[in-house]
Structure formats: structure tokens, C-alpha cells
There are 2 protein chains.
Amino acid sequence: MHGARPTIGDVARAAGVTKGTVSLAYSGKRPVAEETRRRVFAAAESLRWTASSSAQALATSRTSTIGLVIARRPEIIATDTFFPRFIAGCEAVLAEAGMGLMLNVVTDEDAETAAYERYAAGRVDGVILLDVKQGDRRPDLVRELGLTAVMLTAEAPHEDDPVDTPVVYTEDAAAVGELVDLLVGAGHTSIAHVSGPLRYVHAAARRDAFVDAMTHHGLRPDRIVEGDFTAASGRDATAALVDRADRPSAIVYANDVMAIAGLSYARSSGLRVPEDLSVTGFDDSELSAHLSPGLTSVSTGADVRGAVAARTLLAALGGDARRPVLVDGTVVVRRGSIAPPSRH
Amino acid sequence: MHGARPTIGDVARAAGVTKGTVSLAYSGKRPVAEETRRRVFAAAESLRWTASSSAQALATSRTSTIGLVIARRPEIIATDTFFPRFIAGCEAVLAEAGMGLMLNVVTDEDAETAAYERYAAGRVDGVILLDVKQGDRRPDLVRELGLTAVMLTAEAPHEDDPVDTPVVYTEDAAAVGELVDLLVGAGHTSIAHVSGPLRYVHAAARRDAFVDAMTHHGLRPDRIVEGDFTAASGRDATAALVDRADRPSAIVYANDVMAIAGLSYARSSGLRVPEDLSVTGFDDSELSAHLSPGLTSVSTGADVRGAVAARTLLAALGGDARRPVLVDGTVVVRRGSIAPPSRH
DNA sequence: CTGAAAGCGCTTACAG
DNA sequence: CTGAAAGCGCTTACAG
């Protein structure tokens with residue numbers, strides 16, 4: 001059973017046709033007589049043949065796989081529920097299209113570049129760019145390497161951005177605005193923000209949205225602490241914000257994990273949540289929905305974004321370059337972590 | 001810059017040698033004169049050549065990539081911090097060996113089988129089998145397909161298991177025993193267990209270990225609720241256990257997420273943690289370390305397991321079939337979620 | 001130590 | 001609609 005896998009030649013011989021005909025019967029790129037088609041399929045099935053993907057890749061210079069490199073520290077990847085959900089979403093559309101997903105987790109920039117270079121050596125047809133940074137050089141890099149790419153961002157591309165790589169985006173700003181509205185509506189005036197690493201455009205976009213929303217309400221958006229999406233940073237940022245006389249009455253966190261850690265810290269230092277401190281998260285992890293009280297958060301459809309990104313990339317590979325596509329699943333999920341501020 | 005990637009022929013021509021020599025210079029499989037070696041490298045560098053992996057794959061019938069299929073519902077993948085940490089660990093050793101990782105996320109068994117079949121069509125050289133189930137058919141399947149495999153389990157293989165696929169295992173039983181010891185030592189006698197899905201051998205192993213440890217202490221291990229690793233199931237199981245007169249004074253959860261959700265539920269229903277209810281988790285997520293109080297859990301070195309699994313698979317691919325290898329990083333991490341039981 | 005050539009398993013013009 | 005053959009870009013015996 002091992003060893004000698006059947007080749008297209010074996011199938012051709014068994015079916016009494018040439019290799020070309022077998023190929024055509026499977027690809028459908030040219031008509032094949034119904035009768036011989038049947039013979040070919042029967043032969044292939046009885047030999048349990050499936051085309052060798054390396055041979056196909058060499059002949060077509062298409063690998064039928066796309067690449068994804070994640071450049072974050074393992075703790076963060078483990079902590080952030082975005083990645084697995086995003087990947088699951090990709091997979092759903094890739095599997096359907098018979099494509100594979102090659103994944104690379106890297107920790108420094110050299111390794112990142114190396115990963116893309118390996119990709120370009122005929123390992124993948126295209127890539128999805130996540131965690132876009134200010135002045136990100138990856139769009140240029142992948143273009144130079146001849147890889148088609150799509151990138152995921154958290155705001156609509158600016159008119160003047162000369163983005164020649166397709167963009168899939170969410171509008172996080174609106175959701176952050178809604179969160180602030182909710183808080184202000186409940187009576188809060190002293191609201192802080194714990195952001196993600198501001199070198200990421202999505203983290204900066206959420207921070208900017210926070211500033212805008214506060215300003216819009218005539219409030220001072222001057223309490224912003226930069227976190228890094230880990231629980232540790234959420235706790236530390238919360239401590240910095242809350243262990244002082246003029247503590248805020250509400251905190252808007254840039255992700256759920258930081259919010260949960262912060263909430264836990266606040267409680268342990270004697271504050272009631274939400275009575276003394278209201279909190280909101282971002283990205284709506286499963287845990288947040290099953291805490292008591294639940295964490296008000298914003299669901300950004302990580303899986304949907306994965307699916308759309310994959311679909312957009314497939315289209316781009318097919319030569320169909322699209323205008324930026326908006327993923328419209330961003331919605332605020334209200335749970336019990338907001339209350340009117342207590343006097344203190 | 002696009003289009004015509006240089007081939008080994010271009011390099012050979014530029015260096016004034018044959019393609020065979022270029023190949024040999026890079027692979028080192030046969031000696032090449034220092035002088036011509038230099039010429040070859042110089043030519044390759046100036047042409048920015050790297051070997052096409054599909055051509056290499058076809059010529060050697062080695063793809064230099066390994067496959068991993070994860071067969072869980074997306075919510076669970078997103079919730080469980082094991083997978084990303086495991087993958088990061090794999091990556092570290094794969095990258096070093098110039099290998100790639102192909103990932104598939106599937107939701108039903110047909111898709112799972114299909115994924116392995118695609119793998120076998122020359123997409124990967126070997127696979128890592130996770131989440132082994134009782135009577136798991138994947139070892140047979142992959143063997144039939146001619147894929148080398150290694151599988152990850154949570155207990156030493158039995159003598160009589162005719163395992164011809166290499167095994168990498170942890171000894172979760174000892175850690176569970178330690179947890180129970182800790183609880184019993186603190187004075188608990190009424191201890192419950194919220195398990196993972198018992199069709200998984202790792203979940204069953206933890207459950208069995210719980211039963212054994214309780215029995216060892218002369219306690220009745222009769223309160224076991226089966227969860228599914230999600231926060232939702234952790235909360236529901238906790239409710240079932242705690243909303244009654246004879247509630248346990250401590251709960252041993254099979255993972256951290258269930259423990260955190262359970263803890264939160266218990267608190268919201270008026271119990272103090274740990275004073276009224278002690279809890280322990282499993283797998284030591286980053287969040288658990290930064291909660292207040294922290295969650296006592298067991299670190300099982302997901303990343304180390306990933307690294308060891310990858311290394312073992314590479315060895316197996318090299319023809320080096322090993323005896324089962326124990327990953328010895330399982331250690332109980334004591335934090336503040338255990339206290340002596342309060343009278344009630 | 002190096003060259004010339006066959007072969008890996010497909011796809012795709014080119015004829016008919 | 002189908003056959004015969006070249007080609008994709010490597011590696012690896014086989015000679016020398």
C-alpha cells in the first residue's frame with residue numbers, strides 16, 4: 001500500500017487514453033467525451049489516484065496555497081482570540097476552493113522577511129497581511145517578491161494612500177464612538193482608554209476614535225495608557241489609572257483580555273464593577289459573554305473578516321483586483337459592565 | 001522585477017557551470033571546489049535566486065512542510081489558548097529546519113478526512129495528530145495514506161497499545177493528583193470536577209486522575225460534570241454544581257477558561273472565591289496569572305510540546321523512529337484560588 | 001571535482 | 001474530441 005503512489009500515467013494506461021486526456025477530464029478545461037470521461041474517472045478511482053500537487057504546482061506555477069505570517073510574541077497570540085477565529089474564517093473559504101493555508105509565527109523582523117522570501121520561492125500564491133503598522137514595509141516587500149497580497153485594516157483607506165494592494169477593512173471608529181456614547185449616556189465624564197500597541201494602525205485607529213468621541217462630547221480625552229493586548233498590561237494599565245485619587249469612573253479597553261484583567265484588578269483593590277468602575281472590551285471573546293456580569297464589548301466578526309480576506313485574495317489571484325471592501329459586522333454587544341458612576 | 005523568476009539554469013550559466021553543480025553547491029551533498037562554490041553563490045546572489053520549492057518537491061518527493069489539522073468548533077479554538085501556543089512552539093523548530101506548517105481547521109469528520117487526503121497528495125511530508133480520541137481512526141488513516149505521523153497524548157502509552165506511530169506525551173495525571181492533594185491538604189473533602197469532552201483521551205485521562213486521587217484520599221469522586229472547554233460550559237457546569245444545598249467546597253476544572261467562567265459565576269451568585277469556593281484550572285493561560293486573585297493552574301508547556309512534537313516528527317521523517325517521548329514540563333502553578341473551606 | 005542527461009508527475013500548446 | 005510531445009525547475013545517478 002505504501003510507496004508507489006499511482007501517477008497520471010497509470011490512470012491513462014488503465015483507461016486506455018493519454019495523460020493529457022486524464023488531465024483534461026479532471027480540469028474540464030476542454031471538452032472530453034462523456035464515455036471516456038467515465039472510463040478515466042473509474043480508472044482513477046480504482047487506482048485511488050489524486051494528482052500530485054507538487055507536479056501540478058511546477059507545471060502551472062500555482063501552489064494552491066496562501067500564506068499567513070503572524071508576527072507577535074507567543075503570549076499575545078495565545079491571549080488574543082482574534083487569530084484563531086480569523087484563521088477559522090479563512091479556512092472555511094479556502095477549503096471550499098481547494099486551497100491550503102501555510103502559517104508562520106515569527107518573533108522578529110528578520111524572521112518575518114525570511115518567511116515572505118520562502119513564500120515567494122514557490123510556496124504560496126498570495127498572502128494576507130495582518131497587523132498593519134504605520135509605514136509598513138510589507139506591501140512593498142511582497143510586491144517585489146511577486147506575491148499577491150490583501151491587507152486587513154481597521155479603517156477605510158485614505159483617498160491619497162496609494163494602496164495598490166487590496167484592502168479589507170472594518171470601521172472600528174464607529175464602534176468605539178458608540179461605546180463612549182453609552183458611557184457618557186450613563187453619566188460618565190471621566191473616561192480612560194487602555195490602548196493596544198500604537199504602532200499598529202488598528203490600535204491607533206481605536207485610540208483616535210476614542211479621542212474624537214470624547215472631544216465630540218466636550219470631554220478631555222487625556223487619560224490614555226498604552227497596553228500591548230496582554231492580561232499583564234491590562235492589569236498594569238488599570239493599576240496606573242485606578243490607584244490614585246482622581247481615578248476615572250470608566251475605562252475603554254482595546255481588547256477583552258486587558259479588560260478582564262483590569263476588571264479583576266479593580267475588584268481586588270476594592271472597587272465594585274460596574275458600580276464604581278464601568279469597563280468595556282473589544283473583540284468580544286467567548287469568555288466575555290459568560291462572565292458575570294458580562295463584559296460589554298464589540299464584536300468585529302473575526303471569522304467573517306477571515307472569510308472575506310480569503311475571498312478577496314482568491315479574487316485578486318484570479319486577476320480580479322477589487323476596490324477596498326468593508327466588512328460590516330462590527331457591532332457593540334451590551335452586557336452588564338456599564339452602570340452610572342457612583343459618587344466618590 | 002515581476003514575472004521571470006531566475007531559475008537554476010540562469011545561475012549555472014552566469015557562474016559558468018552546470019545546473020548539477022549549482023544544486024550540489026547548495027545542498028552540499030557532494031564536494032564542490034571552493035572556488036566554483038564561490039562563483040555559484042555570487043551568481044545566485046546577484047540574480048537573487050532561490051530554488052523553486054515546487055520543483056524541489058517534485059524532484060525529491062519531499063515537500064518540506066508538515067500538516068496540522070485542528071478538528072474543533074471555532075469558538076473552542078478561539079477560547080483555548082493551547083493551540084496558538086502549541087503552534088508557536090512547532091514553528092520555532094520548523095523554521096530552523098527550513099520547514100513549513102500547513103494548517104487546516106475543520107468542523108466535521110468528512111472534512112477532516114479530506115484534509116488528510118489532500119495532505120497525502122504531496123502537500124506535506126508528515127502530520128501531527130492532536131486531540132486523540134478513544135479508538136481514533138486517524139493513525140490508521142494516515143498510515144494508509146503514506147504520511148508519517150506523531151501523536152500527542154496526555155499519558156504514557158500502554159504496553160499493549162500497538163502504537164506504531166511515535167508518541168509525545170505529558171503526564172497530566174500527576175498534576176491533577178497534586179491539585180487534589182493541595183485541596184485536601186487545605187481541608188477540602190467535597191471536591192468536584194468539571195471535565196473536558198470525555199471522548200478525548202486527554203480529558204478522560206484528567207478525569208481518571210481526579211477519580212484516582214480522590215479515591216486515594218478516601219474521598220468520593222462522585223461529582224463530575226462534563227464540559228466542553230468553553231466558557232459557557234464552565235459556567236453551566238458550575239451552576240449545576242453550586243446552586244444546591246450540598247455544593248462542593250472546591251472545583252477542579254479541566255482548563256482555565258472553564259475555571260474563570262465558573263469562578264465568575266460563583267461570585268455573582270454570592271460565593272466568595274476562594275473563601276467559599278476554591279477552584280483550580282488547567283493549562284495556565286496568561287490571563288489566569290494576571291487575575292486577582294490568580295488562578296491556581298497547571299502549566300503543561302504547550303509551546304514545549306509543540307517544539308518536541310515537531311522535532312520528533314522531523315526525526316521520524318528522517319527515518320529515526322523513536323520510543324515515546326515524555327515532555328516533562330507539567331508543573332502546578334500555585335496562585336490565590338485555593339483557601340481552606342469555610343463552614344457552611 | 002564537474003558535465004551531460006534522464007527523470008520527478010503534471011499541463012498545455014500543437015496537430016489531426 | 002484525442003494523441004504525441006515539450007516543458008515546468010529542480011536532483012541525482014552515471015561517466016569521466
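Here is the naming used below: chain letters follow the sequence lines, and residue numbers restart at 1 for every chain.
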* Pair pattern of DNA chain D in dot-bracket, where unpaired bases get dots and | marks partners in another strand, Watson-Crick or G-U under 3.5 angstrom -> |||.||||||||.|||
* Distance in angstrom units between B/Tyr26 OH and D/dG9 P, rounded -> 17 Å
* Can you tell me how far P of D/dA4 sits from CD1 of A/Ile8, to the nearest Å? -> 15 Å
* Asked: Please give, in whole Å, the distance from D/dG3 C1' to A/Arg13 CZ?
  -> 15 Å
* Structure fact -> Of the listed C/dC10, C/dG3, D/dG3, the closest approach to the A/Val17 side chain comes from D/dG3
* Asked: Given C/dG3, C/dC1, D/dC1, which nucleotide is nearest the side-chain atoms of B/Thr21?
  -> C/dG3
* **Euclidean distance, atom CZ of residue A/Arg5 to atom P of C/dG9 [Å, nearest integer]** => 9 Å
* To do: Using atom CZ of B/Arg39 as one end and atom C1' of C/dT2 as the other, report the distance to the nearest whole Å.
  => 11 Å
* Asked: Below 4.0 angstrom from OP1 or OP2 of C/dG9, is there any side-chain N or O of A/Ser52?
  -> no
* Reckon A/Lys29 touches a base, only the sugar-phosphate, or nothing at all at heavy-atom distances under 4.0 Å? -> sugar-phosphate
* Asked: Under 4.5 Å between any side-chain heavy atoms of B/Met102 and B/Leu68, yes or no?
  -> no
* Whole angstrom is fine here: how far is it from CG in A/Asp10 over to P in C/dC8? => 11 Å
* Got a salt bridge between B/Asp140 and B/Arg137, using NZ or NE/NH1/NH2 to carboxylate O under 4.0 Å? -> no
* Asked: Heavy atoms under 4.0 Å, any strand shown: does A/Ser54 hit a base, just sugar-phosphate, or nothing?
  -> nothing
* Structure fact -> Sorted by number, residues from residues 56-64 of chain A placing a heavy atom under 4.0 Å from DNA chain D are A/Leu58, A/Ala59
* Can you find a side-chain donor-acceptor pair between A/Asn104 and A/Tyr119 that sits under 3.5 Å? -> yes
* To do: Considering just the side-chain nitrogens and oxygens of A/Thr7, establish if one lies under 4.0 Å of OP1 or OP2 belonging to C/dG9.
  => no
* Rounded to whole angstroms, how far apart are CZ on B/Arg30 and P on D/dC14? -> 11 Å
* Between atom CG in B/Leu24 and atom P in C/dT2, what is the gap in whole Å? -> 9 Å
* Asked: So what does A/Ser23 touch, heavy atoms closer than 4.0 Å: a base, only the sugar-phosphate, or nothing?
  -> base
